[in-house]
J.: 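Structure provided below as structure tokens; questions to follow.
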Amino acid sequence: QQPVQSPQAVILREGEDAVINCSSSKALYSVHWYRQKHGEAPVFLMILLKGGEQKGHDKISASFNEKKQQSSLYLTASQLSYSGTYFCGTEPPIITQGGSEKLVFGKGTKLTVNP
Amino acid sequence: GAVVSQHPSWVICKSGTSVKIECRSLDFQATTMFWYRQFPKQSLMLMATSNEGSKATYEQGVEKDKFLINHASLTLSTLTVTSAHPEDSSFYICSASRLAERAYEQYFGPGTRLTVT
């Protein structure tokens with residue numbers, strides 16, 4: 001089942017912060033975050049596994065609350081290069097071997113960073 | 001690391017013809033490759049899962065006789081759109097899966113834009 005992303009779109013000025021949420025009605029093994037620019041393929045940002053994991057690099061970080069089946073992506077001090085559509089991909093668990101490897105993607109959140 | 005190439009980047013073909021798209025993992029061996037389709041301003045819709053040496057697994061609603069997938073090696077998967085029609089026009093993207101720590105990470109190719117006239 002497709003995860004729900006919110007908001008659908010957000011417009012920022014350079015230097016502002018944003019939070020993008022991803023919520024699933026099903027149990028999750030992992031959550032993957034991608035950024036896609038217009039006409040290009042999605043670029044892998046990070047993956048979060050079960051266990052209340054948090055990750056980040058540069059000024060982009062994410063958290064995963066497995067109990068709530070939710071993940072959030074945090075963009076701080078946004079840069080022009082952060083513009084694009086952000087997708088979360090959720091991976092359901094398989095009892096015998098961890099994750100199923102298949103991802104179900106949300107509808108995306110369009111982020112626009114203006115000067 | 002984790003570079004995936006896709007060829008061609010774009011293709012225009014006439015209705016009724018077939019088109020082959022190649023997906024290669026350049027610097028790693030992919031346990032699994034995936035084929036997605038994306039319509040403008042929409043999400044990525046999984047079409048099929050491809051494993052080397054075995055038949056592809058298609059998602060519900062995807063015609064396996066129309067979208068032929070061949071996974072010849074751990075670094076190459078091909079998607080052939082047979083008897084293409086205008087409604088098959090779309091952005092096709094492949095991804096290759098690599099095991100990292102405790103989970104599989106998917107890395108996407110640059111995509112192929114197919115236009116059927």
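Labels below follow one simple rule: chain letters A, B, ... track the order of the sequence lines, proteins then strands, and each chain is numbered from 1.
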J.: Are B:F108 and B:F39 joined in one hydrophobic group, where the rule is that I, L, V, M, F, W and Y side chains link up if heavy atoms are under 4.5 Å apart?
T.: no

J.: Does any non-hydrogen side-chain atom of A:K102 lie less than 4.5 Å from one of B:E59?
T.: yes

J.: Between B:V11 and B:L79, is there shared hydrophobic-cluster membership here, with clusters defined by ILVMFWY side-chain heavy atoms closer than 4.5 Å?
T.: yes

J.: Check whether B:I69 and B:L76 end up in the same hydrophobic cluster, where Ile, Leu, Val, Met, Phe, Trp and Tyr are linked by side-chain heavy atoms less than 4.5 Å apart.
T.: no

J.: Donor-acceptor pair, B:Q38 side chain versus A:A41 backbone, under 3.5 Å?
T.: no

J.: Among residues 106-115 of chain A, which ones touch chain B with a heavy-atom distance under 4.5 Å?
T.: A:G106, A:K107

J.: Going only through I, L, V, M, F, W and Y residues with side-chain contacts under 4.5 Å, is there a path from B:F67 to B:L46?
T.: no

J.: Output the distance between atom CZ (B:R98) and atom CZ (A:F44), rounded to the nearest 0.5 Å.
T.: 8.5 Å

J.: Among the options B:I93, B:V4, B:L44, pick out the one with the most heavy-atom pairs lying under 4.5 Å from chain A.
T.: B:L44

J.: Any chance you could measure B:Q42, atom CD, to A:T85, atom OG1, to the nearest 0.5 Å?
T.: 12.0 Å

J.: So with a 6.0 Å cut-off around NZ of A:K37, is the heavy-atom count from everything else above 12?
T.: yes

J.: When you look at CD of A:Q8, are more than 12 heavy atoms from neighbouring residues, nucleotides or ligands closer to it than 6.0 Å?
T.: no

J.: Working to the nearest 0.5 Å, report the span between CD of B:E105 and CE of A:M46.
T.: 11.0 Å

J.: I need the minimum non-hydrogen distance between A:Q36 and B:F91, along with the two atoms involved.
T.: NE2-CE2, 4.2 Å

J.: At a 4.5 Å cut-off on heavy atoms, which part of A:Q5 comes close to chain B: side chain, backbone, both, or neither?
T.: neither

J.: Give a yes or no on this: more than 12 heavy atoms of other residues, nucleotides or ligands lie within 6.0 Å of atom CG of B:L26.
T.: yes

J.: For B:H85, I'd like to know if atom NE2 has over 12 heavy atoms of other residues, nucleotides or ligands within 6.0 Å.
T.: yes

J.: For A:L103, which of B:Y104, B:F34, B:Y36 qualifies under side chain to side chain contact (heavy atoms under 4.5 Å, CB included)?
T.: B:Y36

J.: Contact part of B:T49 toward chain A, heavy-atom cut-off under 4.5 Å: side chain, backbone, both or neither?
T.: side chain

J.: To the nearest 0.5 angstrom, please state how far the CD atom of A:Q2 sits from the CE atom of B:M45.
T.: 6.5 Å

J.: Can you hop from A:W33 to A:V104 via hydrophobic side chains spaced under 4.5 Å?
T.: no

J.: Under the side chain to side chain donor-acceptor pair (under 3.5 Å) rule, collect the residues that match up with A:S25, sequence neighbours excluded.
T.: A:Q1

